[in-house]
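Below, chain A is the first sequence line, B the second, and so on; all start at residue 1.
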Protein chains: 2
Amino acid sequence: MWPAFLDRYSGVPLYYQIQQHLLEEIRSGSWKAGRAVPSEQEIAQRLGVSRMTARHALKSLCNLGAAYSQHGKGTFVSGLKFEKNFRQVLSFSEEMRSRGTRPQSKVLQFRQAESDNEVAEALHIGLGEKVFVLHRVRLADSSPLCVECTHIPVRLCPELQKKFKPRMSLYKCLLENYGMQIDFADEVAEASLATAEEARLLRVPKKAPVFRFTRTAYLRNGKPVEFVRSVYRGDRCKVVNRLSRRMEFSGERAKL
Amino acid sequence: MWPAFLDRYSGVPLYYQIQQHLLEEIRSGSWKAGRAVPSEQEIAQRLGVSRMTARHALKSLCNLGAAYSQHGKGTFVSGLKFEKNFRQVLSFSEEMRSRGTRPQSKVLQFRQAESDNEVAEALHIGLGEKVFVLHRVRLADSSPLCVECTHIPVRLCPELQKKFKPRMSLYKCLLENYGMQIDFADEVAEASLATAEEARLLRVPKKAPVFRFTRTAYLRNGKPVEFVRSVYRGDRCKVVNRLSRRMEFSGERAKL
DNA sequence: AGTCCCCACTTGTATAGACAACTGAACATA
DNA sequence: TATGTTCAGTTGTCTATACAAGTGGGGACT
């Protein structure tokens, strides 16, 4: 079926090479939904790796949502469009580009201020501690999509105001100047109506339907870095969510 | 620190016992955010298991979001309220109860119909194939929260109309009568305004802000079982989402 | 003081082998 | 025909070991 494709001296982990290879077969559509993926045994023999390594590859494939395993039966292609499988934290720029639309943003304000209650709690800082406040209108293909108000503790990046240029991605700026990489974020969405001010900025009628988001973004170690309030046009935005019951081998599940 | 707590003959996997024990320490708050979790070595020695088993326990802990590992340094408590960490697919009844509110629902209609375009596509059935349509108003603490319209292919559970009683959980009914357990779901939310009809059922003013959801629920093998259109009151509902950049060892990440 | 090297500790990857538990089909029995 | 058994194939768990690779500290040297 497949020839030996492993490169043992490339520095790329074997299980990862295997995972990528299987992923490619699935992604390209040559393996259809429900089809059995090669068994741990088979992978191990064919590629000359240990069963545990093959297993690791399959497990990581399952974690991505591209496949699922059944005890005693095998591992199967899951038949999901796994591009949509887990939402990544993308910066606005990245997200727009990944959809093929041209991102722009207009800075309304960039100033320092004192944290209010909600901001302080979200960012785990003291009430009144200094934060940068970056107020922007975000455009997609030259037409307004949302109004965003970002809060970042001054303490974490004291010279942000010098480093940050209006055209650049904030996340990129944080990464390159302070080594801070956003790893995950919590978002809360509410359905609401546009205020007069928001309606003007978004170019929609007053009381048009909008999403009101609050979002807290964290580093890998769980430290909050950014708190954002934003208002999205309801007619240009959908929120996609994957809900899952899965967790690592809940004993309860087996007993049901 | 902790005594030996493993039961090697209980049938419960060792790594799972360990994971649960660590989870308890974190959950209870005795281990604060950022604290180092015992190393693989230490767990292995103290509990008399192999390092790979200890590792398995730690890894599953990380998958739950309760901790994170750093190559060369150790594994640390993540400092997240991990109840909120991943949204589970809960049935309406479960979800309400888990928030301590009393769920009720009023059935408006329960009939058979032919699938329209959107339904057919979501459920992977033919256009016009028979589906059950269950139209309900959902109440929380006796006041309306949403209007829901569920579609389920007749073919999957031909006697659902007999088996299903208005008071019971639909998911429970599917599980007990047909062995179908919902494993995950995709949801899309839009911000919108209530129609006259919806406003009446939800007891809100016309044009009040609402969420419009479409949701497709799947079995473990990726088979779609249920497609739901629902309208939630904007003033009683928030959508919580965790976005994550993590995936199983993306090579790119290391190089950044 | 600073710089480099080495060492101990950590997680990451990989191997080889063992047994348990589950599935489904082929087979034997009543 | 129906039922139970056996068996091969599969995933799940666990052990023991080895080496690679990243981190951080202490110590030696400059």
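In the model, B/S30 has a side-chain atom that pairs as donor or acceptor with a side-chain atom of B/E25 under 3.5 Å.
In this structure, the nucleotide among D/dT13, C/dT13, C/dT10 sitting nearest to the side chain of B/R51 is C/dT13. For B/K73, the listed nucleotide lying nearest its side chain is D/dT23; candidates were C/dT13, C/dT10, D/dT23. The side chain of A/M52 lies closest to C/dA16, out of C/dA16, D/dG22, C/dT13.
Using a 4.0 Å cut-off, some side-chain N or O of A/R8 falls inside it from OP1 or OP2 of C/dT15. Close to D/dT10, at under 4.0 Å from its OP1 or OP2, lies no side-chain N or O of A/S69. The phosphate of D/dT13 has OP1 or OP2 within less than 4.0 Å of a side-chain N or O from B/Y15. Between B/R55 and C/dG12 there is a side-chain polar atom (N or O) within less than 4.0 angstrom of OP1 or OP2. Residue A/S39 places no side-chain N or O under 4.0 Å from the OP1 or OP2 atom of D/dG9.
When atom types are taken as modelled, the side chain of A/E129 and the backbone of A/G126 share a donor-acceptor pair closer than 3.5 angstrom.
Put simply, the residue from B/L174, B/L134, B/T150 that forms a side-chain contact (heavy atoms from CB on, under 4.5 Å) with B/E226 is B/T150.
Look at CG on A/L58: it is 14 Å from P on C/dA14, rounded to the nearest Å. For B/Q17 and D/dC14, the CD to C1' distance is 13 Å, given to the nearest whole Å. Spacing between atom OH of B/Y9 and atom P of C/dA20 amounts to 12 Å, rounded to whole angstrom units. Between A/Q45 atom CD and C/dT15 atom C1' there is a gap of 15 Å when expressed in whole angstrom units. For the pair B/E40 CD and C/dG12 P, the interatomic distance rounds to 6 Å; values are reported in whole Å. Between the CD atom of B/Q70 and the C1' atom of C/dT10 there is a distance of 11 Å, rounded to whole Å. Following rounding to the nearest Å, B/Q41 (CD) and D/dA18 (P) show an atom-to-atom distance of 13 Å. What separates CD1 of B/I18 from C1' of D/dT15 is a distance of 13 Å, to the nearest Å.
For CD of A/Q161, the number of neighbouring non-hydrogen atoms (other residues, nucleotides, ligands) closer than 6.0 Å is greater than 12.
Summary of the strand contacts: A/S50 and A/G72 both lie near DNA chain C, and taking for each the nucleotide with the nearest heavy atom, the more 5' one is attributed to A/S50.
A/L123 places none of its side-chain heavy atoms less than 4.5 Å from the side chain of A/S115.
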